[in-house]
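Below is one structure; the comments refer to it alone.
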Amino acid sequence: MNVKALKGFKDILPDETPVWRRIEAVAREVFARFGFEEIRVPVVEKTELFVRSIGEATDIVEKEMYTFADRNGVSVTLRPEGTAPVLRAFVEHGLHVRKPVQRLYTIGPMFRYERPQKGRLRQFHQVSAEVLGGAAPFLDAEVMAAAWSILEELGVDVSLEINSLGCAACRPAFRQELVAFLQQRLAALCPDCQRRTATNPLRVLDCKNEACRRQLAGAPSILDALCSGCRSHFHAVRQGLDLLHIPYRENPFMVRGLDYYCRTTFELVTDALGAQSAVGAGGRYDGLLARLGGPDLPGIGFGMGLERLTLLCGGQEASGRDCDLFVAALGDRARSFAFALVHRLRRSGLRALMDTEGKGLKSQMKQAARASAAWTLIVGDNEMEEGEAVLRDMRHGEQAALPLTFDDPLAAAAAVVQRLGVAAEA
Ligand code: ATP
Ligand code: MG
């Protein structure tokens, strides 16, 4: 039997995990500096949570969700994004009483049934951030600044595109104007967009299909249709970004694929990943918390795809030293001593390894080199008789005798640590 992983589900192998750890560490560090707290939520939720929040007429809900009935017939879904579960938890635990504005982030896998390709998987990972309780436009700029800082500190070059989708006061009129425009060109649009013209016309604006793009050249801009509230909000968001010296481009065609956005939306895009140009995206979703049964607090957030980030950071990771000290043991007594010594060394903070398979000296030295050990301690039954082992500096190829108390691994470990400490300073 040779069972393989599911299509679109990827193993992250030992050579790849260092870059993942670095990205996650940078994200956590930046979030901490921006006052975010971590929240962890389940990967499976009731299907209705996503349908209600993301919206029926969206790509995710229409065709991308991993939805199935559990053994009790309850329809459940593997989370396709992070906002809905975090908001569900926020409401369920009454987190709004903790402080007026809460900044939350979570890191973990998301699931979408898509056609797998470079930078597009069925299980992928996101860092996702949600700020609840603040409506000020500077907050939008600050949230973008957090995303921007993560990318900047990772050394990833992206551009920020921003837009406003208006609100319940101004979007309906724009929608009508857009539908009228689209209906005149309906025959030239792709089948998806013909359907979207009726169900979710704004989505037509960011269709990737070339024919649709050509048709959209003279489409009305939502930025011209904003009400005065949305207009001044968007103006202040741009002011905020200017104050932080974060460069951006206005893109009135950028419409996020989720229904819940209002006013500010943004995307962090790169041209280094072909069709998978978005590294991160987000926006304001005032009203969503109330829609999920919570208090009517405004919210804004973003999600950033870690696979795409690893592709952009790829190869940057210097492979770390796996091992400080390799203990090469020759003979049964020496092996028993080494076994206890390695354990003690590990407990005093050293990355220590030994051969467990009773190999010869040559093979053990090879193992030490492969682990890029800084030091090797050679212990043989003969050396033990004489009360000393041989310590070899693997980087300089020098070696010297090291007296050790072989009947006391604890003391021997202390002597090794002291010697390495002294040598490291020299
Ligand atoms: P796309 O237009 O590429 O499908 P999206 O608009 O569906 O992206 P969002 O829902 O905004 O993506 O998710 C935020 C980020 O998560 C994206 O910018 C991307 O980096 C990442 N992402 C989304 N879907 C996938 C996927 N299937 N595989 C890998 N990363 C993904
Ligand atoms: Mg998508």
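Numbers here simply count residues along the sequence, with the first being 1. Every number for a ligand or one of its atoms is a count from 1 in the order of the listing.
Using a 4.0 Å cut-off between charged nitrogen and carboxylate oxygen, R79 and E81 do not count as a salt-bridge pair.
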Margin query: Is there a salt bridge (charged side-chain N to carboxylate O under 4.0 Å, His left out) between K63 and E114? Walk through the geometry before answering.
Written below: CA-CA 8 Å; K63 53 190 186 196; E114 301 198 70; over 6 Å; no

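The side chain to side chain contact (heavy atoms under 4.5 Å, CB included) search around R71 returns none, not counting sequence neighbours. Evaluation of the side chain to side chain contact (heavy atoms under 4.5 Å, CB included) rule for D286 yields C262, R284, P298 as partners, not counting sequence neighbours. The side chain to side chain donor-acceptor pair (under 3.5 Å) check on E250 picks up R238, with sequence neighbours excluded.
R185 forms a cation-pi arrangement with F181, by the criterion of a distance under 6.0 Å to the ring centre and an angle within 45° of the ring axis.
Listed by chain and number, R112, E114, G119, R120, L121, F124, Q126, R256, A278, V279, G280, A281, G303, G305, R308 each place a non-hydrogen atom less than 4.0 angstrom from ligand 1.
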